[in-house]
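First the proteins, then the strands, lettered A, B, ... as listed; each starts at 1.
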Amino acid sequence: SLVNMGFSEDEANRAIIRCGADADICVLVDSVSASRVAEDCHSRNLSDHQVTDRCFNSFGGRKKARLMEESRKKRKRYGGGGQGNRPSLDGSDEESMPLPNPMVGFNLPGYSGSSVTRMLSKLDTGPPFFYYENVARAPKGEWAKISRNLFDIQPEFVDSLHLCAAARKRGYIHNLPIENRSPLLPLPPKTIFEAFPHYKKWWPSWDTRTHLNCLQTCVASAKLTDRIQRALVSSSNPPPKSVQKDVMDECKKWNLIWVGKNKVAPLEPHEMELLLGFPRDHTRGVGKTQRYKSLGNSFQVDTVAYHLSVLRRMFPNGVRVLSLFTGIGGGEVALHKLGIHMRVVISVEIGEASKKIFRSWWDQTQTGTLIEIDDVKSLTNDRVASFISQFGGFDLVIGGSPCNNLAGSNRHHRDGLEGKHSALFYDYVRILNFVKSTMAGRRM
DNA sequence: AGTAGAATGAAGAGTGAG
DNA sequence: CTCACTCTTCATTCTACT
């Protein structure tokens, strides 16, 4: 089982020796986790100054002054409560919801211990637990609006670049505990070269990227990469600064990698799967365009799994999940890789390709009950109520609502939360509130 | 009906000099 | 503090072509 969950045979054996052959799978996973974290800290202290700096030394000089200033503002905005969960009540302040720098959320593996504590009101702690996700850089004021609709809980902004080799700036609002989180193991490759060592030989010294930019839904055309290749072949080595700049601009814009002499190319779908924490070929079976699209719209599994890891101790017998906007199942893959059994998943997803991908993964890996629903609009409160009585409630309501009208890449209809697609957020709110009130009424 | 290619910037945040 | 500048961004729409 441990090997199937992605641990090495060696690690599994050591854990079994430590804990005994009849130990619970959760105990074994914890054991491997602990030893990996210990190892990771050890090696980092010796070699990785960059991370160490960010960890411990980033509060000096001007940065400190700025952070102090930030926290002053925050205290003012949040009424001096110190926990940062409740906005001020006067409503006179503008809707500022500053993004943290570095964007590491409440805490991340390898970034010292839990740096933040928070207190949630009893009304907010559930059941059920809920987990909401969307792009961090939404238009101004939109995250304040999202937060207002989700019990004024402060978003946790994380750039997955701190956990894997590609950037992914996202905001998460959830009512999960934030202490005693544990990362998915093995830890994902943290740099481009760790993820793709075989490309190192083609990587020019003047391309200093260590991380990729955000994986999006479209990729560069072969004609573009051809043009770049021709430009490089017909210039000196190394090329003049102007050519370098043009090439680098395209590489960053389109997330290109060096796959041959003077040859760049977009990531293959299976390489995106790797970066996002999915099993290889997870999205295989649909057209390439669909694979790119659904991967670009997906969770970064390791990031989500880190947040969800606290559920493992709380639900040793598995969880009942209401999964809205399931997509290719990033949340479910995270739970599975954490070793958390899914007794029930009600999955709402409208995309045919995504549904096919998710169903195929489920059939291969899961034994629980899966119920699929096409449209979130057709999941009426009555239907939710009948699911609640059928399964006795939900333990987790999870989903990232459509980002189309929030995302910076959208030139045409970046209309904010009220946009055609992104307005489905309010169905997430509707359903979550209904589940909460129904379960509270039945004292589940 | 589906795919590939190309064109379509603004918005915010961060940075560093002055 | 201002100001100029750099950087990044879960995308949409139209066209040409199988």
Side-chain angles (χ1 to χ4, degrees), chain A residues 58 61-63 65-67 69-70 94-103 132-144 157-161 164 166-172 208-209 211-228 245 248-256 265-267 269 272-273 275-278 283 286-301 303-304 325-331 349 351-354 399-416 419-422 424-425:
Chain A
S58 68
R62 295 181 53 184
K63 214 152 199 173
R66 227 184 4 248
L67 283 173
E69 182 56 32
E70 269 308 316
E94 76 290 352
E95 307 279 4
S96 83
M97 181 83 57
L99 300 175
N101 185 17
M103 200 184 279
Y132 174 80
E133 178 260 9
N134 215 321
V135 290
R137 295 189 171 175
K140 251 186 173 163
E142 297 304 69
W143 268 107
F157 292 107
V158 183
D159 189 342
S160 297
L161 138 76
C164 71
R168 213 166 183 77
K169 296 173 184 59
R170 297 294 182 268
Y172 306 88
T208 57
R209 289 176 297 167
H211 290 82
L212 292 163
N213 280 336
C214 183
L215 274 46
Q216 303 195 143
T217 57
C218 298
V219 295
S221 65
K223 300 223 164 154
L224 173 68
T225 57
D226 268 352
R227 282 200 294 276
I228 291 173
K245 184 180 181 337
M248 284 314 301
D249 283 351
E250 296 293 349
C251 284
K252 287 174 182 171
K253 176 158 61 165
W254 291 104
N255 253 342
L256 302 174
L267 292 163
M272 290 194 181
E273 290 163 354
L275 291 168
L276 291 172
F278 288 92
T283 60
V286 301
K288 204 172 176 181
T289 308
Q290 288 298 326
R291 293 181 72 180
Y292 282 128
K293 187 172 178 186
S294 53
L295 284 164
N297 281 318
S298 163
F299 286 168
Q300 205 287 326
V301 170
T303 308
V304 172
F325 317 109
T326 303
I328 59 176
E349 172 58 44
E352 286 303 323
S354 291
S401 67
C403 69
N404 310 33
N405 309 114
L406 305 176
S409 303
N410 191 339
R411 266 93 149 162
H412 298 88
H413 304 100
R414 198 182 182 186
D415 315 321
K420 187 165 77 173
H421 301 100
S422 295
L424 292 179
F425 163 70

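- Between A/S409 and the phosphate of C/dA11, there is a side-chain N or O to OP1/OP2 separation shorter than 4.0 Å.
- Across B/dA6, B/dG12, C/dT9, the shortest atom-to-atom separation from the side chain of A/K140 is found for B/dG12.
- Within the shown strands, nothing qualifies as a pairing partner of C/dC10 under the Watson-Crick or G-U definition with both distances less than 3.5 Å.
- For A/E133, taking side-chain heavy atoms from C-beta onward, the closest of the listed nucleotides C/dT9, B/dG9, C/dC10 is C/dC10.
- B/dG5 and C/dC10: their P atoms are spaced 23 Å apart (whole Å).
- Comparing atom distances between the A/V135 side chain and each of C/dC10, B/dA4, B/dT15 picks out C/dC10 as nearest.
- Nucleotides of DNA chain C nearest to A/Q216 and A/N410 differ in position, and the one nearer the 5' end is that of A/Q216.
- A/R168 and A/S160 share no donor-acceptor pair across their side chains, judged by distance under 3.5 Å alone.
- When the side-chain nitrogen and oxygen atoms of A/H413 are compared with OP1 and OP2 of C/dT13, one or more of them lie within a distance under 4.0 Å.
- Candidate nucleotides C/dT8, C/dC10, C/dT12 were compared by shortest atom distance to the side chain of A/K252, and C/dT8 ranks first.
- Between A/N213 and C/dT9 there is a side-chain N or O to OP1 or OP2 distance below 4.0 Å.
- One finds a side-chain N or O of A/K169 lying less than 4.0 angstrom from the OP1 or OP2 phosphate oxygen of C/dT9.
- Between A/R137 and A/L99, the shortest heavy-atom contact is CG-CD1, 4.0 Å.
- With both ends at atom C1', the span from B/dG9 to C/dC7 equals 14 Å, rounded to whole Å.
- Contact check for A/H413 versus A/K420: no side-chain heavy atoms found under the 4.5 Å cut-off.
- Here B/dA4 is the nucleotide among B/dT8, B/dG5, B/dA4 with the atom lying nearest to any side-chain atom of A/T289.
- Between A/A138 and A/L224, the residue whose closest nucleotide on DNA chain B is further toward the 5' end is A/L224.
- A/S401 comes within contact range of at least one nucleobase, with a heavy-atom separation under 4.0 Å.
- A pairwise comparison of heavy atoms in A/A167 and A/D159 identifies CA-OD1, 3.4 Å as the closest pair.
- Between the CG atom of A/L406 and the C1' atom of B/dG12 there is a distance of 14 Å, rounded to whole Å.
- You'll find that the side chain of A/R414 is closest to B/dA11, out of B/dA6, B/dA11, C/dC10.
- When distances are taken from the side chain of A/S221 to each of B/dT8, C/dC10, B/dG5, the shortest belongs to B/dG5.
- Side-chain proximity of A/C218 to the nucleotides C/dT12, B/dA13, B/dT3 is greatest for C/dT12.
- Among the atoms of the strands shown, none is found under 4.0 Å from any heavy atom of A/A220.
- Residue A/K288 is out of contact with every strand shown, counting any heavy-atom pair closer than 4.0 Å.
- Considering only side-chain N and O atoms, A/N101 lies nowhere under 4.0 angstrom from the phosphate OP1 or OP2 of B/dA13.
- In this structure the side chain of A/R209 reaches within 4.5 angstrom of the side chain of A/M248, judged on heavy atoms.
- At C/dT8, none of the side-chain N or O atoms of A/R137 fall inside 4.0 Å of OP1 or OP2 (strictly under the cut-off).
- In this structure, the side chains of A/F299 and A/R170 stay at 4.5 Å or more apart for every pair of heavy atoms.
- Within the shown strands, nothing qualifies as a pairing partner of B/dG9 under the Watson-Crick or G-U definition with both distances less than 3.5 Å.
- Residue A/P139 is in sugar-phosphate contact alone, with no base atom involved, counting any heavy-atom pair closer than 4.0 Å across all strands shown.
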